[in-house]
Amino acid sequence: MKNIAILCSGGDVSGMNPALKHFVEYALKNRLKPYFIYDGFEGLIDNKIKEASYCDVAGIINKGGTKIGSSRSERFMHATYRKQAKENLQKHAIDMLVLLGGDGSFRGMEIFYKEHGIKFCGIPATIDNDIAGTSYCLGVDTALNIIRTAIDAIRDTASSFGRAFVIETMGRECGYLALVSALTSGAELCLIPEITSDLAAYEKRFKTEIANGRKYFLAIISEGIKEDTQEIAQWFEEKIGIETRVSILGYIQRGGNPTVYDRLMAYKFVSHAMNGLLQGMDDSVICYNDGGFSYKSIEDVALKKYTLDTELLSYFKELSNV
Ligand code: F6P
């Protein structure tokens, strides 16, 4: 019986728990011994590694976050700690690793593989949806649905009070969450880090719209834009002349019960990751594009920069219409 371990690294996403559940079940079905590595690479360095069973994953499919914890490990950037991590895997005779994480975690894994040859398969998991080579990362659908619920609720007050609302989403340097949310919530303004927007152009349009009867505005902005969120609110008050409030969605968009889509994607990502490892793929990431899964080399994913889908960017231009 071979030993296989799973770990979560970086920001937690809703979908990690369903992935853990399927990992244990699929490992046992394939006569592999499943192990959990607790608290990400930090736990790997500190030997927080335990054999997992059905009991560990009972009742977690509907829970956000990750039962085994996660971390952003500064120590894993240093060769001495990576050596310690490899020794811990050896102590438990772990042959294969499934890694759920974002681009930073994959970069760490790429170095770890080159140094120590630990066989692994990466599963893209970040609400930012900013990993090169895959159009979908686990957790994004749940985050988008939470954002949608929040914006729909904020619209009630915006329309009742005739206010502008500046709503900030997460996403780091990637505008995916903000753009998709703006498109699907009927927002008037969307600002993302990928595109420098000219607010002066919006000023003329918004004033015309107010003259034509518009009573309120929803602006969805990504946390990575160069302006501060408060500055955009100030712009609405001073230039557009409308009472404005700010709502920073923050960490509520990272948690919550995983959607059906994320539960199913967790199932599929894990099945493909483990099949790949069993078929001898030693250093790949399982990616999802155009409705299908494919294995890409870690270098193709970790060392490339994600760019926003061109079709989405064209919709951004339509939405801006300035
Ligand atoms: O990568 C996911 C993410 O939630 C980003 O959108 C956000 O910028 C960041 O993590 C927050 O990081 P932390 O959990 O370290 O505060």
Side-chain angles (χ1 to χ4, degrees), residues 7-17 19 38-43 45 63-77 99-110 122-151 166-182 190-194 220-230 232 246-259 262 265-266 269 285 287-288 301-302 304-309 312:
L7 76 82
C8 300
S9 176
D12 54 291
V13 305
S14 293
M16 281 178 165
N17 277 329
Y38 290 84
D39 302 335
F41 288 129
E42 283 290 291
I45 293 166
K63 303 264 193 289
T66 160
K67 187 176 178 180
I68 63 172
S70 186
S71 60
R72 300 190 196 279
S73 177
E74 215 274 311
R75 286 191 296 165
F76 200 67
M77 293 175 188
L99 164 72
L100 288 146
D103 54 349
S105 312
F106 288 167
R107 279 194 294 277
M109 197 62 218
E110 198 257 339
I123 295 179
T126 165
I127 63 163
D128 300 341
N129 212 26
D130 63 348
I131 298 183
T134 185
S135 66
Y136 191 76
C137 301
L138 193 63
V140 170
D141 188 62
T142 307
L144 285 173
N145 277 289
I146 300 244
I147 296 170
R148 187 252 306 145
T149 305
I151 298 174
V166 181
I167 303 164
E168 183 191 291
T169 68
M170 281 187 162
R172 232 181 256 274
E173 300 303 314
C174 173
Y176 184 88
L177 287 179
L179 177 50
V180 172
S181 300
C190 177
L191 300 175
I192 55 174
E194 289 84 349
I220 314 300
I221 68 165
S222 181
E223 66 176 356
I225 62 166
K226 69 175 189 331
E227 297 90 351
D228 184 73
T229 306
Q230 294 296 342
I232 308 298
V246 166
S247 200
I248 295 173
L249 300 184
Y251 291 89
I252 62 158
Q253 67 206 288
R254 215 158 86 178
N257 297 0
T259 57
D262 272 326
M265 286 304 277
F269 269 128
V285 175
C287 295
Y288 182 78
V301 177
K304 289 201 176 144
K305 186 165 166 36
Y306 168 84
T307 49
L308 207 52
D309 173 60
L312 269 182

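Atoms within a ligand are numbered from 1 in the order they appear, just like the ligands themselves.
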Of all protein heavy atoms, the one nearest atom 2 (C) of ligand 1 is Asp128 OD2, 3.4 Å

When you measure from atom 3 (C) of ligand 1 to every protein heavy atom, which one gives the shortest distance, and what is it? Arg254 NH1, 3.5 Å

Taking salt bridge (Lys or Arg N to Asp or Glu O under 4.0 Å) as the criterion, tell me which of Lys63, Arg254, Lys67, Arg72 meets it with Asp12. Arg254

Heavy-atom contacts with Gly171 under 4.0 Å: which atoms of ligand 1 show up? List them by number with element. 6 (O)

Classify the angle between the aromatic ring planes of Phe269 and Tyr136 as parallel (below 30°), tilted (30 to 60°) or perpendicular (above 60°). parallel

Any idea which heavy atoms bring Asn129 and Tyr306 closest together, and the distance? O-CZ, 3.2 Å

Proximal ligand 1 atoms for Met170, defined as those under 4.0 Å from one of its heavy atoms: 4 (O), 6 (O)

Minimum-distance protein heavy atom relative to atom 16 (O) of ligand 1: Tyr251 OH, 2.4 Å

Can you name the atoms of ligand 1, numbered from 1 with element, that are less than 4.0 Å from a heavy atom of Glu223? 5 (C), 6 (O), 7 (C), 8 (O)

Will you find, in the side chains of Thr259 and Asp141, an N or O donor that is under 3.5 Å from an N or O acceptor? yes

Classify the ring geometry between Phe76 and Phe41 as parallel (under 30°), tilted (30 to 60°) or perpendicular (over 60°). parallel

Judged by non-hydrogen atoms, does Gly102 sit under 4.0 Å from ligand 1? no

Side chains of Ser105 and Ser9 only: does a donor on one sit below 3.5 Å from an acceptor on the other? yes

Tell me the protein heavy atom at minimum distance from atom 12 (O) of ligand 1, and give that distance in Å. Arg72 NH2, 3.0 Å

